[in-house]
Amino acid sequence: MAATVYLNGQFLPLDAACVSVLDRGFLFGDGVYEVIPVYSGHMLRGVEHIERLGRSMDGIRIDHPMSRAAWLAMLEQLIERNGGGDQAIYLQVTRGAPPKRDHAFPPAGTPPTVLAMSNPLAPIDEAWHRQGAEAVTVPDLRWQRCDLKTIQLLGNVLARQQAVEQGAVEAILLRDGQAIEGAASNLFIIKDGAIHTTPKSAAILGGITRDLILELARAEAIPVREEGMPEALLRSADEVWVSSSTREIVPITRVDGQTVGEGKPGPVWQRMHAAYQAFKQKVREGKA
Ligand code: PDD
């Protein structure tokens, strides 16, 4: 069965869904997006994802095309039309397709382009959980509003590609002597039993998975420090993790070819991974 997408008010087969070449997402990267994981037909933190989409739209001055309740109802339909189960929903809003290319905003009343589609939720590589994964460090070349989840992702794309070409699963971005976040993930450093992570600011995307990890850590009484993380802390870490909606919590056991801690997924990761899986199970049962 062909995947069904939602485009500007209609549900369509994927290959029938078309956008104008004048769309400002295509021409300027002028739009925002979300990626929402779905387990057994239920969104994980769907409301939080829609709220973040709203903050991203506010940040680039796109009027909200629908209410929170309407977003959620549309996404529930999309999930059902794509067979329920496990999915990764991709949601994008751009500043629309006016008749003429111009950097300045299009005429008032130009409708935004709204796209939502369902992708398979790729299974997580079991080897990452058994032996850990590798990351490399890369300078953070992104702009100064990394808190907005915009579709303009060139800094992230080039960083991730550099990681892939070096045989790593993620790039850890460094800026002004600090380890900031991953190319498409948040960063956690475990030192002497405490979880360190960059505080929320314009320098990082406030991950929904990051928020959940901190909530679960506090429930487990694991100390949490939301403070800047000097590069030296990364180089002397007991454990390093990266987190995202699609990859959950990935233990990083090598950074730039150097072993992290004991070179295997550590005890704090084991606890957090177990807590995260328990939370996902509640999502599957419609209880979270
Ligand atoms: N990216 N930081 C960046 C730069 C990201 O792109 C992402 C996620 C995160 C983690 O956010 P969350 O926990 O809400 O997924 C942090 C998504 C998955 C993507 O671009 O595909």
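Just so you know, these numbers come straight off a predicted model, no measurement behind them. Counting starts at 1 for both ligands and their atoms, in listed order.
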Is the shortest N/O to N/O distance between G182 and ligand 1 below 3.5 Å? no

The protein heavy atom nearest to atom 18 (C) of ligand 1 is T246 OG1, 4.0 Å

Decide if atom CZ of F26 counts as having more than 12 heavy atoms of other residues, nucleotides or ligands within a radius under 6.0 Å. no

Can you confirm whether more than 12 heavy atoms, excluding those of E262, are under 6.0 Å from its CD atom? no

Are side-chain N/O atoms of R81 and Q77 paired as donor and acceptor at under 3.5 Å? yes

State if R142 counts as touching ligand 1 under the rule of any non-hydrogen atom under 4.0 Å. yes

Atoms of ligand 1, numbered as shown, that sit under 4.0 Å from any heavy atom of N156: 4 (C)

Region of E248 that comes within reach of ligand 1 [heavy atoms, distance under 4.0 Å]: neither

Distance-only N or O hit between ligand 1 and R52, under 3.5 Å: yes

On the ring face of F105, is R95 found with NZ or CZ under 6.0 Å from the centre and within 45° of the axis? yes

Where the closest heavy atom to atom 16 (C) of ligand 1 is concerned, which of S185, S244, G206 has it? S185

Between D211 and K200, does at least one N-O distance fall below 4.0 Å, as a salt bridge requires? yes

Presence of salt bridge, K264 and E239, under 4.0 angstrom: no

Location of contacts on V35 toward ligand 1, heavy atoms closer than 4.0 Å: side chain

Y33: heavy atom below 4.0 Å from ligand 1, yes or no? yes

Answer yes or no for E34: is there a heavy-atom contact with ligand 1 below 4.0 Å? no

If the cut-off is 4.0 Å to any non-hydrogen atom of E181, which atoms of ligand 1 fall inside it? 2 (N), 3 (C), 4 (C), 16 (C)

For the pair K280 and E248, find out whether any cationic side-chain nitrogen is under 4.0 Å from an anionic carboxylate oxygen. yes

Show the atoms of ligand 1 that are less than 4.0 angstrom away from any heavy atom in N186. 10 (C), 16 (C)

Give a yes/no on ligand 1: does K149 have at least one heavy atom closer than 4.0 angstrom to it? yes

Side chains of D192 and D238 in contact at under 4.5 Å (non-hydrogen atoms): yes

In this structure, atom 6 (O) of ligand 1 is nearest to the protein heavy atom A184 CA, 3.3 Å

Would you kindly specify which portion of L153 sits under 4.0 Å from ligand 1, judged on non-hydrogen atoms: side chain, backbone, both or neither? neither

Could you find the nearest protein heavy atom to atom 13 (O) of ligand 1 and give me its residue, atom name and distance? T209 OG1, 2.5 Å

Judged by heavy atoms only, the candidate from S245, G207, A183 nearest atom 11 (O) of ligand 1 is G207

Ignoring hydrogens and angles, state whether a donor on the side chain of Q281 or E285 is under 3.5 Å from an acceptor on the partner side chain. yes

Going by the side-chain contact (heavy atoms from CB on, under 4.5 Å) test, name the single residue among H49, M74, M117 that passes it with L91. M74

Tell me whether the count of non-hydrogen atoms from other residues, nucleotides or ligands lying under 6.0 Å of CG in D58 goes above 12. yes

Return yes or no for this condition: an N or O of S243 is under 3.5 Å from an N or O of ligand 1. no

